[in-house]
Amino acid sequence: GENVEQHPSTLSVQEGDSAVIKCTYSDSASNYFPWYKQELGKRPQLIIDIRSNVGEKKDQRIAVTLNKTAKHFSLHITETQPEDSAVYFCAAGGGPSGGSYIPTFGRGTSLIVHP
Amino acid sequence: EAGVAQSPRYKIIEKRQSVAFWCNPISGHATLYWYQQILGQGPKLLIQFQNNGVVDDSQLPKDRFSAERLKGVDSTLKIQPAKLEDSAVYLCASSLLQQETQYFGPGTRLLVL
């Protein structure tokens, strides 16, 4: 099955700095890679996703890059704000049939943005 | 649109007791997921339904956990008997199709004493 490693487990930055979270995956058949933000005591919410036919995707201050050869993908947050403080999870899954998606999540990164 | 609904929100039971969780996905969503999230870890997929069929249940401890989605809409997850290590948040999520955005419910926080 798929194995997803996520680093770092904790990331502390100053407001306005950039933050980068990295994930690696093991199954070369995986083709869908979402990122979720989970605030304390709340449910995970999708913030951005990328599919294997795209190398990079951007949405305002958030971007995700995918390197299929190296089997890793990264979340980039620019101009961080205190409200970005949360736990971020990556996930990977999918298969050659195209429609299937059995997600495996990383262990999470606790991002702390200091004002 | 209404979100994913789950009940109960909290449950405290003693080990060896049984417990059931209920999930109502977003209307029209064919795919339904049950996850177990232990404190400090990422969600772990327990079972995934596509309509009323099981797509994957490879990580479901079938000796004590069961789940069903009989009419392809609501779903229930049951634990019988519960163990201390089952203490976790049980999240239900749904998506229109696989590889589409998953919407999570508020979760059920289970404490097994």
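Predicted model, so just to flag it, every value in this text is computed and none were measured. Side-chain atoms are counted along with the backbone in the values below, which use heavy atoms only and exclude waters and symmetry mates.
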Checking A:Q38 against B:F104 for the side chain to side chain contact (heavy atoms under 4.5 Å, CB included) test, could you report, in this order, the C-alpha distance in whole Å, the side-chain angles of both residues, the deciding distance, and whether it holds? CA-CA 11 Å; A:Q38 187 174 30; B:F104 284 82; over 6 Å; no

If hydrophobic clusters are built by linking Ile, Leu, Val, Met, Phe, Trp and Tyr wherever their side-chain heavy atoms come under 4.5 Å apart, do B:L91 and A:Y88 end up in the same one? no

Check whether B:I79 and B:W22 end up in the same hydrophobic cluster, where Ile, Leu, Val, Met, Phe, Trp and Tyr are linked by side-chain heavy atoms less than 4.5 Å apart. no

Of all the residues in residues 74-82 of chain A, which have a heavy atom that comes within less than 4.5 Å of a heavy atom in chain B? none

Would you say CD of A:Q60 has more than 12 non-hydrogen atoms from neighbouring residues, nucleotides or ligands within 6.0 angstrom? no

Within residues 49-73 of chain B, the residues sitting under 4.5 Å from chain A by heavy atom, in sequence order, are B:V55, B:D56

Taking atom OH of B:Y103 and atom CZ of A:R43, what is their separation to the nearest 0.5 Å? 12.5 Å

What part of A:P103 gets within 4.5 angstrom of chain B, counting heavy atoms only: side chain, backbone, both, or neither? both

Has A:E15 got more than 12 heavy atoms of other residues, nucleotides or ligands less than 6.0 Å from its CD? yes

Region of B:V4 in contact with chain A, defined by heavy-atom distances below 4.5 Å: backbone

Do A:Y32 and A:V54 belong together in a cluster built from hydrophobic side chains that touch within less than 4.5 Å? no

Connected via hydrophobic side-chain network under 4.5 Å: B:I13 and B:V89: no

Should the heavy atoms of other residues, nucleotides or ligands under 6.0 Å from CG of B:L84 be counted, would the total exceed 12? yes

Of all the residues in residues 104-115 of chain A, which have a heavy atom that comes within less than 4.5 Å of a heavy atom in chain B? A:F105, A:G106, A:R107

With the 4.5 Å side-chain cut-off for hydrophobic clustering, are A:I47 and A:V20 part of the same group? no

Within residues 31-43 of chain B, residues adjacent to chain A where the heavy-atom gap is under 4.5 Å: B:Y33, B:Y35, B:Q37, B:G40, B:Q41, B:G42, B:P43

Apply side chain to side chain contact (heavy atoms under 4.5 Å, CB included) to B:Q48 and A:I102, showing your working. CA-CA 8 Å; B:Q48 179 178 336; A:I102 298 168; 3.8 Å; yes

